[in-house]
2 protein chains.
Amino acid sequence: MKISSQEEYGLRCMLQLARSAPGPMSLAEISRGEGLSSAYAAKLLGQLRDHGLVEAVRGRSGGYSLSRPPEDITVREILSTLGGQLFEERFCHEHNGLGESCVHADSVCNIRSLWEALNEMLSAVLERTTLADLLCYGRVQEKLEEPRRAILSEGSGAQAVN
Amino acid sequence: MKISSQEEYGLRCMLQLARSAPGPMSLAEISRGEGLSSAYAAKLLGQLRDHGLVEAVRGRSGGYSLSRPPEDITVREILSTLGGQLFEERFCHEHNGLGESCVHADSVCNIRSLWEALNEMLSAVLERTTLADLLCYGRVQEKLEEPRRAILSEGSGAQAVN
DNA sequence: CTTATACTTGACATAAGTGTAAACTTTCCT
DNA sequence: AGGAAAGTTTACACTTATGTCAAGTATAAG
């Protein structure tokens with residue numbers, strides 16, 4: 001359960017495009033701005049382009065630009081393009097151990113419920129956070145303060161019920 | 001951002017110990033119960049033992065057992081042993097691209113704020129969820145329903161503020 | 001219509017994560 | 001003692017993720 005390098009660097013490239021002046025920004029500028037090799041930045045931007053998050057213009061004076069305004073691009077889309085989701089449908093099918101299917105496939109699986117709940121929480125937060133939010137100092141903190149408090153306050157209360 | 005195999009399988013082994021009768025449970029039983037090779041289960045249980053979550057008894061009639069009662073072992077401890085945290089201190093130092101340090105190291109970094117917030121939310125939920133919760137049908141759903149609603153309801157409200 | 005600029009593609013090298021194998025140590029039972 | 005049952009350790013093969021390289025294609029300027 002770790003943030004992948006692609007997620008980090010790809011999101012940084014997107015943020016840079018969001019900050020940039022109108023018109024395409026060249027690979028050289030983007031990679032220089034993030035301290036990445038241009039080959040690596042190209043790979044990441046290629047993925048983002050394939051998923052429709054950025055547009056590329058080839059040839060002289062070409063470059064990359066966001067395909068939509070920053071406030072219409074969610075962090076969830078970006079991260080899901082670069083690194084998939086925390087928990088996906090196929091996960092259980094891919095963790096069968098030695099058997100043909102998971103030994104818990106036919107029964108209620110509380111671990112699965114846990115993964116689903118975690119995934120939903122993360123997705124919900126990321127879906128509501130846009131590139132525009134990441135541009136603005138303090139916006140992320142503000143936006144995530146309430147859910148964070150909600151979760152934390154839940155803690156002592158729910159514990160007592162058991 | 002994916003759940004690792006070790007996290008899944010290691011947690012399953014722990015859950016099996018939590019379900020088992022008092023006294024040590026042998027590697028063979030555990031691995032058979034989860035459909036894992038005994039070599040692999042041994043590796044996972046070795047890690048869990050090194051972190052003090054299970055105790056092992058060697059020799060004939062030996063096996064593994066939880067080092068504490070299930071209600072005192074949090075899922076956070078287990079997952080953190082098996083797969084680390086979503087976002088750790090060193091993350092930023094390890095993602096410098098080509099430079100000696102991250103180009104954003106000296107400035108306010110909203111991406112970092114985002115990672116920290118996500119990590120805190122996940123940790124808070126996992127800290128309050130114990131092995132005992134995972135034993136009980138429906139407990140996970142109950143326990144996570146409130147925080148989930150809190151996050152989801154936050155959505156429309158916070159959105160309008162912008 | 002040539003050239004410099006810039007994105008694109010696919011193959012590759014390296015590192016990290018996943019899972020196996022075999023030799024070893026400890027303990028109990030007879 | 002001796003052997004069987006059971007955990008321990010280390011090294012290895014395999015797979016996936018990370019990052020690079022080089023040759024290719026498209027476009028605008030002169």
Side-chain angles (χ1 to χ4, degrees), chain A residues 1-10 12-13 17 23-32 34-51 53-65 67 79 81-84 88 90-91 94-99, chain B residues 1-13 17 20 23-32 34-51 53-65 67 79 81-84 88 90-91 94-99:
Chain A
M1 217 189 265
K2 292 208 181 303
I3 293 161
S4 74
S5 294
Q6 287 202 32
E7 287 169 323
E8 164 77 11
Y9 291 132
R12 273 159 61 171
C13 289
L17 289 179
M25 186 177 187
S26 81
L27 189 54
E29 284 178 280
I30 299 172
S31 59
R32 202 164 345 100
E34 285 308 332
L36 302 177
S37 76
S38 65
Y40 190 28
K43 188 174 201 168
L44 299 173
L45 287 160
Q47 286 182 51
L48 292 164
R49 182 206 49 202
D50 291 343
H51 283 77
L53 293 173
V54 305
E55 277 163 6
V57 176
R58 292 169 78 139
R60 193 166 172 143
S61 81
Y64 298 91
S65 52
S67 60
L79 294 184
T81 291
L82 295 162
E88 290 167 344
R90 54 185 168 175
F91 184 86
E94 287 171 354
H95 290 82
N96 300 327
L98 300 171
Chain B
M1 218 188 264
K2 292 207 180 304
I3 294 162
S4 73
S5 295
Q6 288 204 30
E7 287 170 323
E8 164 78 10
Y9 291 132
L11 181 54
R12 275 159 61 170
C13 290
L17 290 178
S20 75
M25 185 176 189
S26 80
L27 190 54
E29 285 178 280
I30 299 172
S31 59
R32 202 163 348 97
E34 284 308 332
L36 302 176
S37 75
S38 64
Y40 191 28
K43 188 176 199 167
L44 299 173
L45 287 160
Q47 287 182 49
L48 292 164
R49 181 205 51 201
D50 292 343
H51 283 76
L53 293 173
V54 305
E55 277 163 5
V57 177
R58 290 170 79 140
R60 196 167 168 142
S61 81
Y64 297 91
S65 52
S67 60
L79 294 184
T81 291
L82 295 162
E88 291 168 343
R90 56 186 164 175
F91 183 85
E94 287 171 353
H95 290 81
N96 299 328
L98 300 170

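Naming: A, B, ... by sequence-line order, numbering from 1 per chain.
Nucleotides of DNA chain D lying under 4.0 Å from heavy atoms of chain B occupy a range whose first and last members, 5' to 3', are D:dA5 to D:dT20.
With sequence neighbours excluded, no residue forms a side chain to side chain donor-acceptor pair (under 3.5 Å) with A:Ser38. With sequence neighbours left out, the side chain to side chain donor-acceptor pair (under 3.5 Å) criterion links B:Gln47 to B:Gln6. Applying the side chain to side chain donor-acceptor pair (under 3.5 Å) test to B:Ser5 and every residue at least two apart in sequence or in another chain returns A:His95. Residues that satisfy the side-chain contact (heavy atoms from CB on, under 4.5 Å) test with A:Ser37, not counting sequence neighbours, are A:Ala39, A:Tyr40, B:Leu98. When the side-chain contact (heavy atoms from CB on, under 4.5 Å) test is applied to A:Glu94, the partners found at least two apart in sequence or on another chain are A:Arg90. Residues forming a side chain to side chain donor-acceptor pair (under 3.5 Å) with A:His51 (at least two apart in sequence, or on another chain): none. Applying the salt bridge (Lys or Arg N to Asp or Glu O under 4.0 Å) rule to A:Glu29 yields no partners; only residues at least two apart in sequence or on another chain are considered.
Taking the nucleotide of DNA chain D with the nearest heavy atom to each of B:Glu94 and B:Ala28, the more 5' of the two is matched to B:Ala28.
Of the candidates B:Leu53, B:Leu48, B:Val57, B:Ile30, B:Tyr64 forms a side-chain contact (heavy atoms from CB on, under 4.5 Å) with just one, namely B:Ile30.
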Using atom names, set out every protein N or O paired with an N or O of nucleotides 13-18 of chain C below 3.5 Å, distance rounded to 0.1 Å.
| residue | atom | partner | partner atom | Å |
| --- | --- | --- | --- | --- |
| C:dT18 | OP1 | B:Ser5 | N | 3.2 |

Could you write out each protein N or O paired with an N or O of nucleotides 28-30 of chain C at a distance under 3.5 Å?
none

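Across the protein-nucleic acid pair, B:Gln47 atom CD and C:dG19 atom C1' stand 12 Å apart, rounded to whole Å. Here the C1' atom of nucleotide C:dT5 and the CE atom of A:Met25 are 17 Å apart, to the nearest Å. When rounded to the nearest whole Å, the span between CG of B:Leu27 and P of C:dT20 equals 13 Å. Between the C1' atom of C:dT5 and the OH atom of A:Tyr64 lies a distance of 13 Å, rounded to the nearest Å.
Evaluation of the salt bridge (Lys or Arg N to Asp or Glu O under 4.0 Å) test over residues 41-51 of chain A, restricted to residues two or more places apart or in two chains, returns none.
In this structure, B:Gly62 reaches the sugar-phosphate backbone alone: every heavy-atom distance under 4.0 Å involves primed, P, OP1 or OP2 atoms, never a base. No contact: A:Ile30 has no heavy atom under 4.0 Å from any strand.
A close approach under 4.0 Å does occur between a side-chain nitrogen or oxygen of A:Arg49 and OP1 or OP2 of C:dT8.
Of all non-hydrogen atoms in B:Glu55 and B:Ser67, the two that sit nearest each other are OE2-CB, 3.8 Å.
Atom-to-atom distance recorded for B:Arg12:CZ and B:Leu17:CG is 13.5 Å, nearest 0.5 angstrom.
In terms of polar N and O atoms assigned as donor or acceptor, the side chain of B:Arg58 comes within less than 3.5 Å of the base of C:dT25 in a complementary pairing.
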